[in-house]
2 protein chains.
Amino acid sequence: MNNTRFATALHILSLLSKYSTEWLSSDWMASSINVNPVIVRKELGVLQENGWVVSRKGKEGGSRLQVKGSEIRLGDLYQAIRNSDILGKKNMNTNPKCPVGKEINNRLDSLYSETDRIVLASLNEQTLENFVDQF
Amino acid sequence: MNNTRFATALHILSLLSKYSTEWLSSDWMASSINVNPVIVRKELGVLQENGWVVSRKGKEGGSRLQVKGSEIRLGDLYQAIRNSDILGKKNMNTNPKCPVGKEINNRLDSLYSETDRIVLASLNEQTLENFVDQF
DNA sequence: TTTTAATGTAATAAAAATTGTTACATTAAA
DNA sequence: TTTAATGTAACAATTTTTATTACATTAAAA
């Protein structure tokens, strides 16, 4: 994760949680995050796919939470947003003629997936509600 | 970490561990990893700074481990190699006029550092020796 | 019915991060 | 003296990330 997607998604969810009675526009959320509105709409798409958010088009449109903050676990959010393993990428094309090159990716696989597992478990101890309560 | 640095560094260390009686050249290691030799030499620089590896110049030069594999903890390796938080980057310049924009980075700080702490602790349960023994 | 203001999304551009390459000074063994 | 290694700077290429533009679609309000 050398990107801002988790921070952006959690920012969006925090806004929706704090102003849960209103339909918030992507432009308005974008100005709180200070990021392009299209980025917000793309991230909202992911949040919708996971059933956390609902959006509606047209005048007076916008987005709001579909479920309670206590039902959105931060590990699930991370899972939805991530695009690489925590420990990074592996070198593909390592040399199969070398005993280490031949086997290392198998060994890295278990190390990488165990690390991912631990992070997800840790994040899942917190929900959006917990997070927003800290404000 | 959307890069291959951890995988590359651990590959290098695994080679040095497996062939611990020899001085391995960066060219040779590069051909096992299938990566440019200059990348290997740069990463070796980091490993040297941490006292794990020693290199020598000149004909018959190369690199080898400076300490036993059991003394190199994978969390320390990750710490030496990483260049961003596990959960990614934060949005700088969030809007201070918005209560969420104003406070979110403080909240993210603790979530991010706690996640980092957990990963380091988990990785530190393994050493280079443990890792190489799996081969 | 028209105007207004929102989402959704594709296409593209720009910026940032990562990886690769070239070149060469330095070093030390053969 | 030759050979073969590291160290490193400078630069190029590639990949990833973020931003932007454009516009079709939608729906409330005037």
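Order of the sequence lines sets the chain letters (A, B, ...), proteins ahead of strands, with each chain counted from 1. Only heavy atoms go into these numbers, but all of them, side chains included; no hydrogens, no water, no symmetry mates.
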Looking at D:dC23, which nucleotide sits across from it as a Watson-Crick or G-U wobble partner, both distances under 3.5 angstrom, or is there none? C:dG8

Touch class at under 4.0 angstrom, heavy-atom based, for B:Gln48 against every strand present: sugar-phosphate

In whole angstroms, how far is the P atom of D:dA19 from the CZ atom of A:Arg41? 14 Å

Applying the Watson-Crick and G-U wobble criteria at under 3.5 Å, what pairs with C:dA16? Answer none if nothing qualifies. D:dT15

Between P on D:dT2 and CD on B:Glu60, what's the gap in Å once rounded to a whole number? 19 Å

Quick one: does any side-chain atom of B:Ser122 pair with a main-chain N or O of B:Ile118 as donor and acceptor, under 3.5 Å? no

Side chain to side chain donor-acceptor pair (under 3.5 Å) filter on A:Asp133, not counting sequence neighbours, yields none

Would you mind reading off the distance between A:Leu44 atom CG and C:dA6 atom P, rounded to a whole angstrom? 14 Å

Classify B:Val38 by what it touches in the nucleic acid, base, sugar-phosphate, or nothing, heavy-atom distance under 4.0 Å. base

Closest to the 5' end of DNA chain C, once B:Lys89 and B:Gly58 are matched to their nearest nucleotides, is B:Lys89

Of A:Lys59 and A:Asn2, the one whose closest nucleotide on DNA chain C sits nearer the 5' end is A:Lys59

Counting any heavy atom closer than 4.0 Å, what does B:Asn36 reach on the DNA or RNA strands: base, sugar-phosphate only, or nothing? base

For the backbone of B:Met92 and the side chain of A:Asn34, can you confirm whether one donor and one acceptor N or O come within less than 3.5 Å of each other? no

B:Glu22 atom CD is separated from D:dA5 atom P, nearest whole Å, by 13 Å

To the nearest Å, how far apart are A:Lys42 NZ and C:dA11 P? 12 Å

Hits for side chain to side chain contact (heavy atoms under 4.5 Å, CB included) against B:Ile39, two or more places apart or cross-chain, chain-then-number order -> B:Val35, B:Asn36

Please tell me which of A:Pro37 and B:Met29 maps to the more 5' nucleotide of DNA chain D, matching each residue to the nucleotide holding its nearest heavy atom. B:Met29

note: A:Arg5, atom CZ; C:dA16, atom P; distance rounded to Å ~ 20 Å

Between A:Arg56 and A:Asn34, which has a closest nucleotide on DNA chain D that is more 5'? A:Asn34

OP1 or OP2 of C:dT7 under 4.0 Å from side-chain N/O of A:Ser26: yes

N/O (side chain, B:Asn3) to phosphate O (OP1/OP2, D:dT16) under 4.0 Å: no

Distance check needed: C:dA17 C1' versus B:Asp85 CG, whole Å only. 16 Å

Once you round it to whole Å, what is the distance between P of D:dT18 and CD1 of A:Ile81? 12 Å

Using a heavy-atom cut-off of 4.0 Å across all strands, would you classify A:Thr4 as base, sugar-phosphate, or nothing? sugar-phosphate

Does atom NZ (B:Lys18) have a neighbourhood of more than 12 heavy atoms from anything else shown, all under 6.0 Å? no

